[in-house]
Trainee: 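Structure incoming, see below.
The structure displayed is predicted, hence computed values, not measured ones.
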Amino acid sequence: MQLILLLSKPRTLQLFPLLLCLLLLPCLSQPLPSPSPSPSPSPSASPAPPPSLPLSPFNERLEAAYVAFQAWKHAITEDPKNLTEDWCGPFVCNYTGVYCAAAPDDPHVLTVAGVDLNHGDIAGCLPDHLGLLADVALLHLNSNRFRGTLPPSMQHMRLLFELDVSNNLLAGAFPAFLTSLPGLKFLDLRFNAFDGELPAAVFGRRLGLDAIFANDNRFNVSLSSASLTNSTASVIVLANTRLAGCLPPSIGDMADTLVELILLNTSISSCIPPEIGKLKKLRVLDLSHNELAGELPASVGDMESLEVLNVGHNMLAGEVPEAICELPRLRNLTIAGNYFCDEPVSCLHVPLRDDRMNCIPDWPHQRSPEECIAFAHRPPPHCAVDGCIVIPPP
């Protein structure tokens, strides 16, 4: 307030250069942007239009961003790479990892559009002031040591498009406000300690996420047809989480968009429904390290875009359908750790193939005959309409 009163007095106009220098002393390496010089007009050329002035680095949005970044800097306990060392002074657009652009709703106003502190190894927490960065579209914070959870104030980031907080120390329940962000398309929460239910809204068509990475947390996820298979995402990665339910026939409903599905080590006890063959755009399918039983559906041979198929370390048996090994783009086939009894010769042409520890006669690195005979004497599993395994009565 004293500074404002001083500047309002006419005699202090002479002191303004001195006051400005004092303001800028902490951040002399961050000069004000200046317009590029205009070329000299030739005598015959028509007068050029006046050059557009640069956007001012002073406005209410950048003032709010300054408050947010200063609060964030105070919440940081370790910054071994000194990424936030230059987070001082009012020119936030010059801060390391901060990217500014014209505001979408007003091209004459400069605002913070993105923050990228990936691989910073920064320790601390995310303050509630983060919500002041209301125009941020990209927030990349992976491979740090942020603790706590995502502050609820982030619900004000209505333009947020990509959120990557993977490989941190974040915990607690899924931040419910994320399902209300209208622009969010890329969500990466993997390698944290989030727990509880992963809401069905994450896979809902209303939110419309394009990429969902929730693996390596403590989430519980339902595989009912009303949740996961309702998604319009192109990439879904839920590896090393706890999935409840069975692979439903409605998995084929994701045919229009799904390109990558990774459900490895999710404790699925299920059959693989034939409807999975409808996923003709799918390139990567990883169902390994689960309790899948029955046979590998021949309809997988209809998945013409498939490049990687991993069903290793399950309880699958029978023959490997030849149509699968003849898929034109298949480059990686893993069926190891099952009980398959036959594999077509065409599978030998797949560039990367792992068929160890099965029951294929005269094939190297297979299970012992005793183990295969014992498995063959078990009652065969019965696959119900919902994809679940029905154990026949003794």
Trainee: Between L83 and L133, is there shared hydrophobic-cluster membership here, with clusters defined by ILVMFWY side-chain heavy atoms closer than 4.5 Å?
Mentor: yes

Trainee: Supply the atom-to-atom distance L62 CG to L110 CG, rounded to the nearest 0.5 angstrom.
Mentor: 5.0 Å

Trainee: Going by atom types only, do N240 and N215 share a side-chain donor-acceptor pair under 3.5 Å?
Mentor: no

Trainee: Return yes if a side-chain donor-acceptor contact under 3.5 Å exists between R190 and N217, otherwise no.
Mentor: no

Trainee: State whether the number of non-hydrogen atoms from other residues, nucleotides or ligands found under 6.0 Å of R206 atom CZ is greater than 12.
Mentor: no

Trainee: Going through the distances and angles, do F186 and F213 end up as a side chain to side chain contact (heavy atoms under 4.5 Å, CB included)?
Mentor: CA-CA 8 Å; F186 182 98; F213 296 89; 3.7 Å; yes

Trainee: Using distance only, find each side-chain donor-acceptor pair of residues 318-329 under 3.5 Å and give its atom names and separation, not counting sequence neighbours.
Mentor:
none

Trainee: Tell me whether M357 is reachable from L296 by hopping between hydrophobic residues (I, L, V, M, F, W, Y) whose side-chain heavy atoms are closer than 4.5 Å.
Mentor: no

Trainee: Are E162 and K185 close enough, and set up right, to give a salt bridge (charged side-chain N to carboxylate O under 4.0 Å, His left out), and what steps lead you there?
Mentor: CA-CA 6 Å; E162 288 188 12; K185 295 299 176 186; over 6 Å; no

Trainee: Between F194 and R218, is there a cation-pi geometry (under 6.0 Å to ring centre, at most 45° from the normal)?
Mentor: no

Trainee: Check whether F174 and L150 end up in the same hydrophobic cluster, where Ile, Leu, Val, Met, Phe, Trp and Tyr are linked by side-chain heavy atoms less than 4.5 Å apart.
Mentor: yes

Trainee: Measure the acute angle between the ring planes of W72 and F146, then classify it against the limits of 30° and 60° as parallel, tilted or perpendicular.
Mentor: tilted

Trainee: For atom CZ of R283, decide whether the heavy atoms of other residues, nucleotides or ligands shown that lie under 6.0 angstrom number more than 12.
Mentor: no

Trainee: To check you understand the geometry: which heavy-atom pair defines the closest contact between T229 and D253, and what is its length?
Mentor: O-CB, 4.1 Å

Trainee: Report yes or no: is the SG-SG distance between C388 and C246 under 2.5 Å?
Mentor: yes

Trainee: Among L247, L292, D286, which one satisfies side-chain contact (heavy atoms from CB on, under 4.5 Å) with L263?
Mentor: L247

Trainee: Determine yes or no for a side-chain-to-main-chain donor-acceptor pair under 3.5 angstrom, with R147 supplying the side chain and A171 the backbone.
Mentor: no

Trainee: Hey, is CZ on R242 packed in by over 12 heavy atoms from elsewhere, all under 6.0 Å?
Mentor: no

Trainee: Give, for atom CG of N358 and atom CG of D355, the distance between the pair rounded to the nearest 0.5 Å.
Mentor: 6.5 Å

Trainee: Kindly compute the distance separating CG (L285) from CG (L306), expressed to the nearest 0.5 Å.
Mentor: 6.5 Å

Trainee: Output, in order, the C-alpha distance, side-chain angles, deciding distance and verdict of side chain to side chain contact (heavy atoms under 4.5 Å, CB included) for D354 and R356.
Mentor: CA-CA 6 Å; D354 188 355; R356 294 172 295 173; 2.9 Å; yes

Trainee: Identify whether Y339 and L287 are in the same connected component of the hydrophobic contact network (ILVMFWY, side-chain heavy atoms under 4.5 Å).
Mentor: no

Trainee: Given N332 and N310, is the side chain to side chain contact (heavy atoms under 4.5 Å, CB included) satisfied, shown in steps?
Mentor: CA-CA 8 Å; N332 191 327; N310 190 343; over 6 Å; no

Trainee: Without placing hydrogens or testing angles, list every side-chain donor-acceptor pair under 3.5 Å for residues 153-161, not counting sequence neighbours.
Mentor:
from : atom 1 : to   : atom 2 : distance (Å)
S153 : OG     : D128 : O      : 2.4
S153 : OG     : D128 : OD1    : 3.3
S153 : OG     : G131 : N      : 3.2
Q155 : NE2    : P152 : O      : 3.3
R158 : NH1    : Q155 : O      : 3.2
R158 : NH1    : S180 : O      : 3.3
R158 : NH2    : S180 : O      : 3.2

Trainee: Might you work through the side chain to side chain contact (heavy atoms under 4.5 Å, CB included) test for D164 and L139, ending with a clear yes or no?
Mentor: CA-CA 6 Å; D164 183 357; L139 185 56; over 6 Å; no

Trainee: Tell me whether the count of non-hydrogen atoms from other residues, nucleotides or ligands lying under 6.0 Å of NE2 in H129 goes above 12.
Mentor: no

Trainee: Quick one: do Y66 and F91 satisfy ring pair (Phe, Tyr, Trp, His ring centres under 6.0 Å)? Show the steps, please.
Mentor: CA-CA 8 Å; Y66 172 76; F91 309 128; 9.8 Å; no

Trainee: Please check if the side chain of N192 supplies one atom and the backbone of V165 the other of a donor-acceptor pair under 3.5 Å.
Mentor: yes

Trainee: Just verifying a value: how many Å separate I276 CD1 and D302 CG, rounded to the nearest 0.5 Å?
Mentor: 11.5 Å

Trainee: Under 2.5 Å between the sulfurs of C271 and C383, yes or no?
Mentor: yes

Trainee: Check this for me: does any side-chain nitrogen of one of K73 and E85 sit under 4.0 Å from a carboxylate oxygen of the other?
Mentor: no

Trainee: I'd like to know if R61 and D105 make a salt bridge, using a cut-off of under 4.0 Å between side-chain N and carboxylate O.
Mentor: yes

Trainee: Is there a path of hydrophobic side-chain contacts, each under 4.5 Å between heavy atoms of I, L, V, M, F, W or Y residues, that connects I212 with L163?
Mentor: yes

Trainee: Rounded to the nearest 0.5 Å, how far apart are CG of L187 and OG of S166?
Mentor: 10.5 Å

Trainee: Out of L178, V202, T232, which one pairs with L209 under the side-chain contact (heavy atoms from CB on, under 4.5 Å) rule?
Mentor: V202

Trainee: Which value, rounded to the nearest 0.5 Å, describes the distance between T266 atom OG1 and E291 atom CD?
Mentor: 10.0 Å

Trainee: Any chance you could lay out the salt bridge (charged side-chain N to carboxylate O under 4.0 Å, His left out) test for K281 and E260, step after step, and finish with the verdict?
Mentor: CA-CA 9 Å; K281 294 183 179 180; E260 183 173 330; over 6 Å; no

Trainee: Evaluate whether the separation between SG of C93 and SG of C100 stays below 2.5 angstrom.
Mentor: yes

Trainee: Any Lys/Arg nitrogen of K81 or D121 sitting under 4.0 Å from an Asp/Glu carboxylate oxygen of the other?
Mentor: no

